[in-house]
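Order of appearance sets the numbers: ligands from 1, and atoms from 1 within every ligand. Everything numeric here is computed off the predicted structure, so don't read it as measured data.
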Amino acid sequence: MSATATGWETVVGLEVHCELATATKLFCACPNAFGAEPNTNVCPVCLGLPGSLPVLNERAVELAMRIGQALHCTVKPSIFHRKNYFYPDMPKDYQISQYDEPINVDGYLELPDGTRVGIERAHLEEDTGKTTHVGGGGRIHEATYSLVDYNRAGVPLVEIVAAPDIRSADAARAYVAELRAILVAIGASDARMEEGSLRVDANVSVRRPGEPFGTRCEVKNLNSLRSLGRAIEFEAQRQITLLERGEAVVQQTRHWDESDGRTHTLRSKEEAYDYRYFPEPDLVPVAPPGEWQDQVRALLPPLPADRRAHLAAVTGSTPAGVALVVERGLDGLVLAAVAAGADPERALTHAEHNLSMEGADRLDPAAFARLVAMEVAGELTATQAKAVLVDMVETGDPPDDIARARGFEAMGSDALTAAVDEAIAADPDAWASYCGGNEKAKGALVGRVMKATRGQADGKAVTALLEERRAAAPGPA
Ligand code: ADP
Ligand code: MG
Ligand code: ZN
């Protein structure tokens, strides 16, 4: 049952951590690389050895600014704090993170349907190492022993905190998909959920529409868009059930278990004072000069939302209508084909329905335009055009050659006219009925033409010819 169907509204605020695509870590020169032999990309700084000092990675600041700019944030002077807590994956016993003065504040992300989700902040921090608990189902308290890999310790992260503007599991998935596309487009992160370079925590609460926000729970361990959606739906329903029984939702951090499809208590919510935040004394404040900000902004590529708006304008569609094509990275192909003379609507339709395969983005725009032209001219039916397109992507051959090789002979307009006239002559009853205004009788005539041409005729062209013939026929007495 969906939460809204019961008169409840789901409220979601997402916190997304993304690993930045820098060559080195945030405060040392160790490589920032996924998949290396454990504990090989480490040094005194990221192992937290006494006497070592952090040095800020300029490139990480640049990528953080790019993220802020792409999310329409204000870039501000910021300072690093120490967030103190004990856990074996963090050798210093504190994480260096931006706290009350983050580098980016007050932005928004626009979804394909045009709705906006507020971005409260997007701040820089370092990642922790990675623990693996062996035995006891992988949970720390039941494990026989634990392994720790510090390769990830000190990898630069940006945490993007969204406002509680999301109202459904679907919208939450759309938000993460859009954010991922932006991060990849601007080169800030490879944003792979399956490798942990994009990690999502979902804050979920429920309320009666119009009432103040309810108490939220934060759900961790969401490793895919599918898990994100399922976890939000489960958690909202869990809270609704509690409230309808007259019980209260307790603010908690919960863990999503993919195998049983439920969230489980992890710990009670920690408060800021638990972390004993204080300014990191070994780092100076970060205040990117306006000039540097401008340089970074000038290098931003067109963002998915801009690309959708542009493609929609050129093809006469809507941003939501072209979302899939932009997501596949085929907007450049469609635009180039249109520039080469292709019918925009047909080019877009092909990109959406017939070009989901690998390698479609390498299609030659001129050849694609030629294929669309053949279809528009009635030389290929829609079905034939699709088959030719598949071969074009596979072989790179020109559409004319493929059509010929496949026996899709050009059905010239003379041949088509002849086929239509033959059909009229062969079925005078259907013709008379059609001329008398019975549109259904048209089907019999079109069917005859198709049969006679073994499906090679274009249905639209046949209909157009029949209409032309009828208009020219002597009307009923
Ligand atoms: P904290 O400092 O405890 O992490 P924040 O105020 O920074 O709390 O909020 C963290 C996240 O929780 C944000 O993404 C925000 O949108 C979300 N959030 C806050 N209140 C609610 C609520 N009532 N329901 C759902 N999400 C919420
Ligand atoms: Mg938080
Ligand atoms: Zn290091």
Legend entry - Neighbour count >12 (heavy atoms, 6.0 Å) for atom CD, Glu194: yes
Inset, instruction - For the residue pair Asn203 and Glu15, confirm or rule out a side-chain donor-acceptor distance under 3.5 Å. - result: yes
Legend entry - Part of Val161 within contact of ligand 1 (heavy atoms, under 4.0 Å): side chain
Inset, instruction - For Leu14, take its heavy atoms, then give the atoms of ligand 1 lying under 4.0 Å from any of them. - result: 14 (O)
Inset, instruction - Please confirm whether Lys83 makes a cation-pi placement over Tyr277, using NZ or CZ under 6.0 Å from the six-membered ring centre and within 45° of the ring normal. - result: no
Inset, instruction - Look at atom 25 (C) of ligand 1 and find which of Val11, Val206, Thr215 reaches it with the closest heavy atom. - result: Val11
Inset, instruction - State whether the shortest distance between N or O atoms of Arg216 and N or O atoms of ligand 1 falls below 3.5 angstrom. - result: yes
Legend entry - Degrees at the Zn ion (ligand 3) between the SG atom of Cys28 and the SG atom of Cys43, nearest 10°: 110°
Inset, instruction - Tell me yes or no: between the side chains of Glu101 and Ser78, is some donor less than 3.5 Å from an acceptor? - result: no
Inset, instruction - Of the side chain and backbone of Asp165, name the one, both, or neither that has a heavy atom under 4.0 Å from an atom of ligand 1. - result: neither
Inset, instruction - Using the six-membered ring of Tyr94, assess whether NZ or CZ of Arg82 lies under 6.0 Å from its centre and within 45 degrees of the ring axis. - result: yes
Inset, instruction - Please indicate whether His133 has more than 12 foreign heavy atoms, meaning atoms of other residues, nucleotides or ligands, lying under 6.0 Å from its NE2. - result: yes
Inset, instruction - Report the member of Ala163, Pro164, Gly214, Ala162 with the shortest heavy-atom distance to atom 23 (N) of ligand 1. - result: Gly214
Legend entry - Atom indices of ligand 1, in the order listed, that fall short of 4.0 Å to a heavy atom of Phe213: 23 (N)
